[in-house]
Amino acid sequence: MAALRILVVDDAAFVRDTIKRALRRFLSDVDSFDAANGQRAVAALKANKIDLIISDWEMPEMSGEELLKWVRAEPKTEKT
């Protein structure tokens, strides 16, 4: 079975690291990616096939709400 690919988006590095550490601890086959804001998340989503997004809501440059709207509007990611 292919690894679950999860994108963690948060402007606080310690939050991203904590979530990724927890994912590795509780999920045996996971590939985790991270982004510091919505704009970087968009770049990661364009470059990788992501199964699940865990995102902060309040971030600089592009909020979690704006990221969600972008994800839903893109054919490649609309069902993520």
Test side-chain contact (heavy atoms from CB on, under 4.5 Å) on V42 and L67; report intermediate values, then the result. CA-CA 7 Å; V42 167; L67 173 61; 4.0 Å; yes

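- Between atom CG of residue L7 and atom CZ of residue R16 there is a gap of 10.5 Å, rounded to the nearest 0.5 Å.
- Of the possible polar contacts, one joining the N37 side chain to the R40 backbone as a donor-acceptor pair under 3.5 Å is found.
- Side-chain atoms of R21 and R24, non-hydrogen and from C-beta on, do get closer than 4.5 Å to each other.
- Note on R5 versus D31: salt bridge recorded, some NZ/NE/NH1/NH2 to OD/OE distance being below 4.0 Å.
- Looking at D11 and P60, their side chains come closer than 4.5 Å, going by heavy atoms from C-beta outward.
- With K20 contributing its side chain and D34 its backbone, the two residues share no donor-acceptor pair below 3.5 Å.
- Cluster partners of L4 are I6, V8, F14, V15, I19, L23, L27, V30, L52, I54, counting Ile, Leu, Val, Met, Phe, Trp and Tyr whose side-chain heavy atoms approach within less than 4.5 Å, directly or via other members.
- No side-chain heavy atom of E66 sits under 4.5 Å from any side-chain heavy atom of W70.
- Under the 4.5 Å side-chain criterion, counting only non-hydrogen atoms from C-beta, R72 is not in contact with E78.
- In this structure, K69 NZ and E74 CD are separated by 15.0 Å, a value rounded to the nearest 0.5 Å.
- Counting all heavy atoms, side chain and backbone alike, A41 lies closest to A35 at N-CB, 3.5 Å.
- Atom OG1 of T77 and atom CG of N48 lie 12.5 Å apart (nearest 0.5 Å).
- Side chains of L45 and V71 form a contact here, defined as non-hydrogen atoms less than 4.5 Å apart.
- Other residues, nucleotides and ligands contribute over 12 non-hydrogen atoms within 6.0 Å of the NZ atom of K76.
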